[in-house]
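The next block holds one structure in the form of structure tokens; read it before the comments.
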Amino acid sequence: MLLKRKVYLSLILAVTAPLAISTLIFSNSIRSNTEEKLAKVDLPTALSEVKSQIELELSTPIVVGKEIAQNLFVQQ
């Protein structure tokens with residue numbers, strides 16, 4: 001009976017230990033790749049889109065303000 005338990009225990013460990021180790025390695029790899037992609041690709045792209053949208057929304061008021069400032073009638 002004791003030998004049977006040792007065999008079962010060793011079989012369970014032989015299956016679960018590599019599974020646990022490979023799962024940890026895989027999850028760490030996925031996490032680091034996700035963080036790297038986020039920092040190098042996704043955030044700069046999002047910031048660029050926000051910058052472009054802000055510039056687009058502000059371009060008309062800036063042009064209007066410049067035209068008003070250069071208008072001779074307003075300067076008098």
Side-chain angles (χ1 to χ4, degrees):
M1 190 73 169
L2 185 58
L3 180 62
K4 191 175 183 179
R5 284 187 182 184
K6 286 182 181 180
V7 170
Y8 284 146
L9 182 61
S10 65
L11 285 174
I12 290 171
L13 286 175
V15 171
T16 56
L19 181 64
I21 292 170
S22 64
T23 301
L24 288 173
I25 291 171
F26 180 72
S27 66
N28 286 337
S29 174
I30 291 294
R31 183 180 300 119
S32 67
N33 286 341
T34 303
E35 288 174 356
E36 184 177 331
K37 182 179 181 273
L38 183 66
K40 290 185 178 179
V41 177
D42 293 341
L43 285 178
T45 302
L47 289 175
S48 177
E49 290 176 7
V50 169
K51 177 185 171 226
S52 297
Q53 188 64 31
I54 290 172
E55 288 176 346
L56 180 66
E57 290 181 15
L58 290 178
S59 64
T60 303
I62 289 173
V63 169
V64 170
K66 285 181 181 178
E67 292 296 324
I68 291 173
Q70 294 173 354
N71 190 333
L72 294 177
F73 181 75
V74 174
Q75 289 178 357
Q76 294 176 358

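In this chain, residues are counted from 1 in sequence order. If you're wondering where the values come from, they're calculated on a predicted model, not measured in any experiment. Values reported hereafter were calculated over all heavy atoms of this structure, with side chains retained and with hydrogens, waters and symmetry mates removed.
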Leu24: partners by side-chain contact (heavy atoms from CB on, under 4.5 Å), with sequence neighbours left out: none
Test side-chain contact (heavy atoms from CB on, under 4.5 Å) applied to Leu11 - qualifying residues, sequence neighbours left out: Val7
Residues which pass side-chain hydrogen bond (donor to acceptor under 3.5 Å, both in side chains) with Glu36, listed by chain and number, not counting sequence neighbours: none
Linked hydrophobic residues, Ile21 as query - side chain contacts closer than 4.5 Å: Ile25
Closest contact, heavy atoms only, Pro44 versus Ala39: CD-O, 3.5 Å
Rounded distance [0.5 Å steps], NZ in Lys37 versus NZ in Lys40: 13.0 Å
Spacing of CG belonging to Asn71 relative to CD1 belonging to Ile68, to within rounding of 0.5 Å: 8.0 Å
Which pairs would a plain distance check flag for residues 50-61, meaning a side-chain donor or acceptor within less than 3.5 Å of a matching protein atom at least two apart in sequence or in another chain?
from, atom 1, to, atom 2, distance (Å)
Ser52, OG, Ser48, O, 3.0
Gln53, NE2, Glu57, OE2, 3.1
Ser59, OG, Leu56, O, 3.0

Summary of side-chain hydrogen bond (donor to acceptor under 3.5 Å, both in side chains) pairs that have at least one residue in residues 12-32, sequence neighbours excluded: Asn28-Arg31
Non-hydrogen side-chain atoms of Thr34 and Ile30 separated by less than 4.5 Å: yes
